[in-house]
Amino acid sequence: MKKYKILSPGFFTILMVLLACKKYDQPYNYKKIDDIKISTSAVNNRFTVVINDTLKIEPVIAETNPSNDEFEYEWRLLEQITPKFWVISQSKDLKAKIDIPAGSYYLGFKITNKRTGQIFTYQGMVSVISPFNAGYYVTSNVGNQGKLSFIRASDDMIFYSAPEEVNGNKTYPGKALFADNSAATGTLVCYFTDQGIYRFTANDFLENGRDAQVMDGAKKFSRAPIAYGDGASAWEVFMMGDGDLHVGIGSTMASFYGNNLLLAPFSARLVGDYSLYSGIFVTSSTTMFYDNKFKRFMYCPTQGRNLTIAPASLTSVFNAADVKMTLISSDAGQATNEYYYLMENAAGVRYLLGTLNTTPNLYQIIGNSPDIGTATVIAASKLVKHVYYASANKLYVYDMLANSSRLVYTYPLGYVIKDMKMDRSTSKRLVLGVSKSASEGEVHYFDLDNLGAAVGNSPVKTFKGFGDIVSVNSR
């Protein structure tokens with residue numbers, strides 16, 4: 001009998017592999033897959049561009065295995081909430097005019113290898129801001145013709161007669177009285193003259209209404225001051241002038257019922273026997289006003305269309321229902337919903353009063369304060385108990401705790417301080433509108449030190465080219 005040697009299965013496996021290698025041993029060229037890294041010079045991949053300006057980005061593209069392959073490029077901006085997007089370029093280097101609405105957008109950059117189909121991406125964020133995003137509205141007059149200008153905070157660029165510049169050949173007749181936007185409906189700005197009311201979208205100053213479209217019955221105001229702003233809730237917005245009060249639809253109601261309601265006209269004058277100071281005082285529960293006719297505070301409840309006299313408060317700091325003084329000027333105080341009021345009694349004595357929400361919390365005769373009897377406008381710090389006041393060509397600061405004032409700055413004779421606003425974000429800058437003549441005005445920035453004095457004892461910035469200043473308001 002023959003004997004056979006049994007080979008293990010592993011031997012056959014090795015043998016087959018060797019034979020296969022010998023039979024199919026052919027040369028192959030292996031090419032490593034290219035990888036691309038994309039970067040830009042932007043910090044945290046964030047970019048900012050002004051509406052209608054050009055966004056420029058030159059990406060740095062690093063290939064791990066450079067080749068002669070061709071690539072396709074695409075830049076997109078995408079809304080954060082909706083799936084809406086815009087293809088803004090199909091070139092490697094981005095250079096595109098951005099004409100989409102103000103807001104924050106995702107930025108996408110895609111590179112596609114046309115030979116292999118590989119896709120490489122880069123993501124960032126773009127803030128599209130309005131040309132009028134932040135700064136100051138300045139109303140002024142040359143003779144009987146007013147103009148509304150805007151000083152942009154980011155670069156100090158001045159847009160003289162901004163509505164006319166943006167809206168082509170349209171004109172806005174009348175002597176300027178006031179301009180401002182409200183916080184809740186900050187997308188809209190109203191410009192008032194003695195011949196009309198004009199409304200614009202705040203981001204681009206395009207006109208979207210005037211006269212009867214803004215005010216029921218196309219009422220016009222005849223004199224400054226005028227007030228325009230939000231109430232205690234975003235359900236209503238108030239407009240007041242010539243002592244009258246009108247109410248409009250706020251952003252909350254508009255978003256609830258449809259944003260087109262924001263464009264509904266303001267109401268006719270709220271009924272009642274009153275002549276209000278043009279100031280809107282917001283509390284946690286209601287909106288307060290001051291009646292200079294009967295020398296008392298009045299309330300308008302949320303979603304209300306009526307004025308009521310403040311409740312008598314005989315045991316408090318003062319009686320809000322019977323103050324017995326004329327309100328000259330006012331500004332927000334240190335705390336939320338706190339206000340200061342420059343008042344004058346029948347004998348011509350000046351007082352500083354205050355409220356916190358609806359509660360009176362300050363009542364003092366202003367002492368040791370030069371020219372306080374002729375002060376026309378105040379602006380308060382939110383950091384310390386300082387109130388600045390202007391009289392003719394002089395600027396003073398009133399120390400509430402010391403109950404005395406000191407001179408901050410004196411303009412040359414002939415200059416008159418017409419209006420001023422505190423930069424409430426820091427309380428370190430005071431903005432003054434000053435007239436040199438009946439047709440020439442300037443805006444000055446004063447930086448304030450910790451003691452309330454002007455840094456360098458002079459303005460840090462001066463803007464010229466305005467008419468006789470009427471009002472200055474911040475956006």
Side-chain angles (χ1 to χ4, degrees), residues 140 223-225 277-279 290 292 295 323-334 339-354 362-423 427-438 440-460 462 468-473:
S140 61
R223 65 183 187 276
Y277 164 85
S278 290
Y290 190 80
N292 265 335
K295 320 301 182 189
V323 182
K324 295 184 172 65
M325 296 187 198
T326 299
L327 178 51
I328 306 298
S329 184
S330 65
D331 198 16
Q334 284 185 277
Y339 294 91
Y340 300 138
Y341 312 95
L342 176 62
M343 297 273 196
E344 182 178 280
N345 69 10
V349 178
R350 295 285 176 100
Y351 288 70
L352 190 69
L353 275 62
L362 175 67
Y363 181 91
Q364 66 184 43
I365 297 176
I366 299 175
N368 306 309
S369 297
D371 297 320
I372 189 63
T374 54
T376 55
V377 60
I378 66 172
S381 170
K382 75 170 186 177
L383 299 179
V384 292
K385 289 188 176 297
H386 285 169
V387 175
Y388 294 81
Y389 66 90
S391 175
N393 65 329
K394 295 181 180 180
L395 174 66
Y396 296 91
V397 59
Y398 173 60
D399 185 327
M400 297 165 59
L401 298 180
N403 195 18
S404 64
S405 299
R406 63 181 184 274
L407 184 66
V408 175
Y409 189 76
T410 302
Y411 285 97
L413 290 176
Y415 281 70
V416 177
I417 301 172
K418 293 296 193 72
D419 199 9
M420 62 180 174
K421 292 292 183 294
M422 180 67 72
D423 179 350
S427 283
K428 290 292 186 179
R429 171 163 287 178
L430 194 61
V431 180
L432 273 67
V434 182
S435 289
K436 297 174 61 176
S437 69
E440 186 178 2
E442 300 174 356
V443 173
H444 296 161
Y445 291 173
F446 286 86
D447 284 349
L448 307 173
D449 63 22
N450 292 333
L451 298 177
V455 174
N457 297 313
S458 63
V460 294
T462 297
D468 181 19
I469 299 289
V470 180
S471 71
V472 178
N473 282 295

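We're numbering straight along the sequence, starting at 1.
For the pair V434/V416, no side-chain contact is recorded, criterion being any heavy-atom separation below 4.5 Å from C-beta on. Taking the side chain as every heavy atom from C-beta outward, I372 and Y389 approach each other to under 4.5 Å. Between M400 and L362 there is a side-chain heavy-atom pair separated by less than 4.5 Å. By the 4.5 Å heavy-atom criterion applied to side chains, D331 and V387 are not counted as neighbours.
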Run the numbers on Y340 and S330 for side-chain contact (heavy atoms from CB on, under 4.5 Å), then give the verdict. CA-CA 6 Å; Y340 300 138; S330 65; over 6 Å; no
I'd like to know whether I417 forms a side-chain contact (heavy atoms from CB on, under 4.5 Å) with L395, so could you lay out the CA-CA distance, the side-chain angles of the two residues, the decisive distance to 0.1 Å, and finally the verdict. CA-CA 8 Å; I417 301 172; L395 174 66; 4.1 Å; yes
Let me see the working for D468 and K436 under salt bridge (Lys or Arg N to Asp or Glu O under 4.0 Å), right down to the final yes or no. CA-CA 8 Å; D468 181 19; K436 297 174 61 176; over 6 Å; no
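For H444, the ring pair (Phe, Tyr, Trp, His ring centres under 6.0 Å) partners two or more places apart in sequence, or in a different chain, are Y411. When the ring pair (Phe, Tyr, Trp, His ring centres under 6.0 Å) test is applied to F446, the partners found at least two apart in sequence or on another chain are Y409. Taking A224 as the reference, V470 meet the side-chain contact (heavy atoms from CB on, under 4.5 Å) condition, with sequence neighbours excluded. Under the side-chain contact (heavy atoms from CB on, under 4.5 Å) criterion, K324 pairs with D322, sequence neighbours left out.
Under the 3.5 Å distance criterion, the side-chain polar atoms of Y388 are matched with a main-chain donor or acceptor of G452. Checked by atom type and distance alone, the side chain of S391 never pairs as donor or acceptor with a backbone atom of K394 at under 3.5 Å. R350 places a side-chain N or O within 3.5 Å of a backbone atom of A375 that can act as its donor or acceptor partner. Checked by atom type and distance alone, the side chain of S427 pairs as donor or acceptor with a backbone atom of K382 at under 3.5 Å.
Rounded to the nearest 0.5 Å, atoms CG (N368) and CD1 (I366) are 11.5 Å apart. Between atom CG of residue L401 and atom NZ of residue K385 there is a gap of 6.5 Å, rounded to the nearest 0.5 Å. Expressed to the nearest 0.5 Å, how far CE of M343 lies from CD1 of I365 amounts to 14.5 Å. Note that OH of Y290 is 8.0 Å distant from CE of M325, once rounded to the nearest 0.5 Å. Taking CD1 of I378 as the reference point, atom CG of L352 lies at 6.0 Å (rounded to 0.5 Å). Between atom OH of residue Y351 and atom CG of residue L327 there is a gap of 15.0 Å, rounded to the nearest 0.5 Å.
Here the closest heavy-atom approach between residue I469 and residue G441 is recorded as CG1-CA, 4.0 Å. Closest approach of D447 and R429 over heavy atoms only: OD1-NE, 2.8 Å.
Residue pairs meeting the side chain to side chain donor-acceptor pair (under 3.5 Å) criterion with at least one partner in residues 395-406, sequence neighbours excluded, are Q364-Y398, S369-S405, D371-Y396, Y398-N403. Counting only residues at least two apart or on different chains, the side chain to side chain donor-acceptor pair (under 3.5 Å) pairs with a member in residues 448-459 are K428-N450.
Checked against Y445 for a side-chain contact (heavy atoms from CB on, under 4.5 Å), the options L430, V460, D423 give a single hit: V460.
Neither side chain, S435 nor Y415, offers a donor N or O lying under 3.5 Å from an acceptor on the other.
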